[in-house]
Amino acid sequence: MNKGKIFKLAKGFRGRAKNCIRIARERVEKALQYSYRDRRNKKRDMRSLWIQRINAGTRQHGVNYGNFMHGLMKENIQLNRKVLSELSMHEPYSFKSLVDISRTAFPGNKHIVFPPKKEGISINV
């Protein structure tokens with residue numbers, strides 16, 4: 001890369017990394033390595049976030065994530081995890097119907113175990 005391109009990419013860096021060519025070249029190379037790596041990590045992080053949201057939504061209805069996804073697969077419902085997480089957050093009634101369909105499709109979902117309710121602490125004076 002030529003000098004102008006390096007300095008253009010190094011704009012906003014701190015110290016001599018923005019105006020000394022040797023340091024700027026090293027910093028820009030490292031920054032490009034980080035951006036390449038993190039474009040892949042971003043996909044991984046988003047998928048795990050979607051799975052956490054789906055799991056939280058299904059556990060409210062007494063089913064865990066694995067059994068829910070297996071039930072959807074058996075019913076041939078092909079919604080990806082991104083759409084399922086959006087449904088669990090913004091469309092709870094639609095998501096509950098999907099949980100019910102999954103529950104009927106997979107025998108492991110029959111046992112409904114709701115999480116225990118947390119009761120408030122009462123202080124007697």
Side-chain angles (χ1 to χ4, degrees):
M1 282 198 270
N2 62 10
K3 229 190 222 185
K5 211 177 225 184
I6 299 245
F7 284 137
K8 187 175 181 184
L9 289 172
K11 196 171 193 139
F13 287 3
R14 293 181 63 128
R16 289 194 313 168
K18 69 175 169 282
N19 53 19
C20 182
I21 187 64
R22 181 176 292 166
I23 298 169
R25 183 179 294 121
E26 292 169 0
R27 292 292 99 215
V28 165
E29 271 185 40
K30 196 65 175 174
L32 292 174
Q33 288 172 4
Y34 286 142
S35 67
Y36 178 84
R37 179 197 68 190
D38 290 336
R39 280 195 299 273
R40 277 110 191 114
N41 288 350
K42 183 180 178 184
K43 294 167 183 58
R44 195 178 311 157
D45 293 342
M46 291 308 294
R47 182 182 166 101
S48 70
L49 175 67
W50 297 331
I51 289 172
Q52 289 170 9
R53 287 177 177 171
I54 295 168
N55 194 16
T58 55
R59 285 183 186 269
Q60 288 178 346
H61 302 294
V63 179
N64 67 10
Y65 169 78
N67 289 344
F68 171 70
M69 293 303 284
H70 185 66
L72 290 183
M73 186 189 73
K74 285 188 87 92
E75 283 291 316
N76 199 21
I77 297 174
Q78 297 177 349
L79 291 173
N80 62 16
R81 286 164 181 82
K82 180 179 180 180
V83 171
L84 287 171
S85 78
E86 291 293 318
L87 280 174
S88 72
M89 289 190 327
H90 301 298
E91 295 285 335
Y93 294 115
S94 305
F95 190 73
K96 184 177 181 345
S97 68
L98 284 173
V99 171
D100 293 339
I101 291 170
S102 171
R103 185 179 288 135
T104 58
F106 181 56
N109 291 339
K110 298 289 187 208
H111 308 291
I112 301 172
V113 179
F114 289 103
K117 301 261 183 183
K118 293 182 180 177
E119 295 180 18
I121 299 172
S122 59
I123 300 173
N124 295 332
V125 178

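Only heavy atoms go into these numbers, but all of them, side chains included; no hydrogens, no water, no symmetry mates. Counting from 1, the numbers follow the sequence of the chain as shown.
Rounding to the nearest 0.5 Å places CD1 of Ile101 at 4.5 Å from CD1 of Ile77. Note: Thr58 OG1 to Arg103 CZ = 10.0 Å, rounded to the nearest 0.5 Å. Note that CG of Leu84 and CE of Met89 are 12.0 Å apart. Values are rounded to the nearest 0.5 Å. Taking CD from Gln52 and OG from Ser88, the interatomic distance works out to 11.5 Å, rounded to the nearest 0.5 Å.
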Solution key, residues 4-31 side-chain donor-acceptor pairs under 3.5 Å, sequence neighbours excluded:
| from | atom 1 | to | atom 2 | distance (Å) |
| --- | --- | --- | --- | --- |
| Lys18 | NZ | Gly15 | O | 3.4 |

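The list of salt bridge (charged side-chain N to carboxylate O under 4.0 Å, His left out) pairs with a residue in residues 69-98, not counting sequence neighbours, reads Lys96-Asp100. Legend: salt bridge (charged side-chain N to carboxylate O under 4.0 Å, His left out) pairs involving residues 45-56, not counting sequence neighbours: none detected.
For Arg37, the side-chain hydrogen bond (donor to acceptor under 3.5 Å, both in side chains) criterion is met by no residue, not counting sequence neighbours. With sequence neighbours excluded, no residue satisfies side-chain contact (heavy atoms from CB on, under 4.5 Å) with Tyr93. For Asn41, the side-chain hydrogen bond (donor to acceptor under 3.5 Å, both in side chains) partners are Asp38, Arg44, not counting sequence neighbours. Shown here are the ring pair (Phe, Tyr, Trp, His ring centres under 6.0 Å) partners of Phe95, two or more places apart in sequence or in another chain: Phe68.
For the pair Ser102 and Gly71, the tightest heavy-atom approach, listed with the atom from each and the gap, is OG-CA, 3.4 Å. Heavy-atom minimum distance, Leu87 versus Ser94: CD2-CB, 4.2 Å.
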For Leu72 and Leu79, what are the C-alpha separation, side-chain angles and deciding distance, and is it a side-chain contact (heavy atoms from CB on, under 4.5 Å)? CA-CA 9 Å; Leu72 290 183; Leu79 291 173; 5.7 Å; no

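With a 6.0 Å cutoff to the six-membered ring centre and a 45° limit on the axis angle, Arg39 does not count as a cation-pi contact of Tyr36.
No continuous path of ILVMFWY side-chain contacts below 4.5 Å connects Met73 to Val83, so the two sit in separate hydrophobic clusters.
Through chains of ILVMFWY side-chain contacts below 4.5 Å, Met46 is grouped with Leu49, Trp50.
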